[in-house]
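First up is the structure itself, then whatever we jot down about it.
We number each residue from 1, following the sequence as shown. In this text, all values refer to a predicted model and were calculated from it rather than measured experimentally. Whatever order the structure lists them in is the order used to number ligands and atoms, beginning at 1. Side chains are part of it too, since the values below use all heavy atoms of this structure and drop only hydrogens, waters and symmetry mates.
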Amino acid sequence: MKVLLLGGTGEARALAAALHPEVEVISSLAGRVPDPALPVGPVRIGGFGGVDGMRQWLVAERVDAVVDATHPFAATITAHAAQVCAELGLPYLILARPAWAPGSAIVVGSDTEAAETVTANGYSRVFLTTGRSGTRAFKDVDAWFLIRAVTPPDPDTLPADHDLLLSRGPYDYDGELALLREHRIDALVTKNSGGAMTEPKLRAAEAAGVPVVMVDRPPLPPGVHTVTTVDEAAGWVRVRR
Ligand SMILES: NC(=O)c1ccc[n+]([C@@H]2O[C@H](COP(=O)([O-])OP(=O)(O)OC[C@H]3O[C@@H](n4cnc5c(N)ncnc54)[C@H](OP(=O)(O)O)[C@@H]3O)[C@@H](O)[C@H]2O)c1
């Protein structure tokens, strides 16, 4: 049995490790990060070339099933995979880590709405953690930003007044609290990524009385089987062997 595992997340690496070498798993990465953490087993890197490219690749490689363990905000690749698997009649599973409970966060539907919320509330020192592709909406917002990302955003997408903090989690509560205090942050902007690696910022913000603006997840494609843990995903693959 041959499985395409769409990755770029810790869960995808854990799933590759859980199935290797029992199942032939080819992990796929987008190629955005210059030095990605690689999963065990075969890896392909780079886009497929849209829906048509993915369809051709799956047929040529004689793939039997697809597990989509991409980040919850990677909506384009997920839409492509759901469409192509439905067309080809391939079993398709989404492994999506549970979302965070928003608590008292201001929940918004997009980066643009998050930027509007920052302006409307007059926040002036914002910890922006929406990632490399999540800075453009804040470009013209009149505030100072502490921008944390794994790889540098395109300079054209950055607000004028900012500091850039390049780092890769996991983060801990004490460190996050110290960061909020050191930079006198008055709002945290985050996606609802879920997961333990970046969750301490939420607890730190709550403790420091810093309001949180949380971008809600894009919807999953309708009718797709979804699990939330690596064990469940491994079980789904094993019963298809
Ligand atoms: N979005 C986030 O916040 C975030 C955070 C952490 C990690 N990641 C990881 O970073 C990668 C890119 O995320 P994104 O939000 O830019 O994706 P996206 O917007 O959903 O996808 C854009 C395009 O990138 C290519 N692509 C994305 N994921 C791929 C994969 N695993 N393997 C091969 N091609 C892939 C596809 O190109 P083609 O159309 O040419 O096939 C896709 O159409 C994903 O693997 C995701 O798991 C994303």
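- Counting only non-hydrogen atoms, the option in Val43, Asp52, Ile77, Leu5 that gets closest to atom 42 (C) of ligand 1 is Ile77.
- The contact set between ligand 1 and Arg44, taken as ligand atoms under 4.0 Å from a residue heavy atom, comprises 33 (C).
- Proximity of Thr78 to ligand 1, defined as any heavy-atom pair under 4.0 Å, is not found for any part of the residue.
- At least one side-chain heavy atom of Arg55 sits under 4.5 Å from a side-chain heavy atom of Glu87.
- Looking only at protein heavy atoms, the nearest one to atom 41 (O) of ligand 1 is Phe48 N, 2.7 Å.
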Inset, instruction - For side chain to side chain donor-acceptor pair (under 3.5 Å), just list the numbers for Ser167 and Tyr171, CA-CA rounded to whole Å, side-chain angles, deciding distance to a tenth of an Å, and then say yes or no. - result: CA-CA 10 Å; Ser167 76; Tyr171 303 103; 2.6 Å; yes
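- Checked by distance only, ligand 1 and Thr76 come closer than 3.5 Å through their nitrogen or oxygen atoms.
- Checking atom 10 (O) of ligand 1 against the protein gives no heavy-atom contact under 4.0 Å.
- In this structure a side-chain-to-backbone donor-acceptor pair under 3.5 Å is missing from Ser27 to Val43.
- Of all atoms in ligand 1, listed by their number and element, those nearer than 4.0 Å to a heavy atom of Gly49 are 38 (P), 40 (O), 41 (O).
- In terms of protein heavy-atom proximity, atom 37 (O) of ligand 1 is nearest to Gly47 CA, 3.6 Å.
- Nearest non-hydrogen protein atom to atom 17 (O) of ligand 1 is Ala74 CB, 3.6 Å.
- Ionic pairing of Arg238 and Glu22 is present here: one or more N-O contacts between side-chain nitrogen and carboxylate oxygen are shorter than 4.0 angstrom.
- Per-residue contacts place Ala75 under 4.0 angstrom from the following atoms of ligand 1 (heavy atoms of the residue considered): 20 (O).
- More than 12 heavy atoms of other residues, nucleotides or ligands lie within 6.0 Å of CD in Glu199, so this atom counts as buried by the packing criterion.
- A 4.5 Å side-chain heavy-atom check between His71 and Ser193 finds at least one atom pair inside the cut-off.
- Between Thr70 and ligand 1, not a single N/O pair is under 3.5 Å apart.
- Which parts of ligand 1 touch Gly7 is read off a 4.0 Å heavy-atom cut-off, strictly below it: atoms 31 (N), 44 (C), 45 (O), 46 (C), 47 (O).
- Taking all heavy atoms of Arg132, His80, Lys191, His71 into account, the minimum distance to atom 6 (C) of ligand 1 is reached by His71.
- The nearest heavy-atom contact from the protein to atom 7 (C) of ligand 1 is Gly8 O, 3.4 Å.
- Close contacts between ligand 1 and Gly50 involve ligand atoms 38 (P), 39 (O), 40 (O), 41 (O) [criterion: under 4.0 Å to a heavy atom].
- Relative to the six-membered ring of Phe48, Arg44 meets both conditions, a distance below 6.0 Å and an angle of at most 45° to the axis.
- For Asp172, the CG atom sits in a packed shell: over 12 heavy atoms of surrounding residues, nucleotides or ligands are nearer than 6.0 Å.
- The shortest contact between atom 33 (C) of ligand 1 and any protein heavy atom is with Ser28 OG, 3.1 Å.
- Within the structure, ligand 1 lacks Gly134 among the residues with a heavy atom less than 4.0 angstrom away.
- Side-chain contact annotation: Asp231 with Thr229, donor-acceptor N/O pair under 3.5 Å absent.
- With hydrogens left out, the protein atom closest to atom 30 (C) of ligand 1 is Ala30 N, 3.6 Å, a heavy atom.
- To the nearest 0.5 angstrom, Met54 atom CE is 10.5 Å from Leu88 atom CG.
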Legend entry - Thr78 vs Thr70, side chain to side chain donor-acceptor pair (under 3.5 Å): CA-CA, chis, key distance, verdict: CA-CA 8 Å; Thr78 292; Thr70 56; 3.3 Å; yes
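- Scanning all protein heavy atoms for the shortest distance to atom 22 (C) of ligand 1 gives Arg32 NH2, 3.4 Å.
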Inset, instruction - Give the C-alpha distance, both sets of side-chain angles, the deciding distance and a yes or no for side chain to side chain donor-acceptor pair (under 3.5 Å) between Lys201 and Thr129. - result: CA-CA 10 Å; Lys201 66 187 169 188; Thr129 63; 3.0 Å; yes
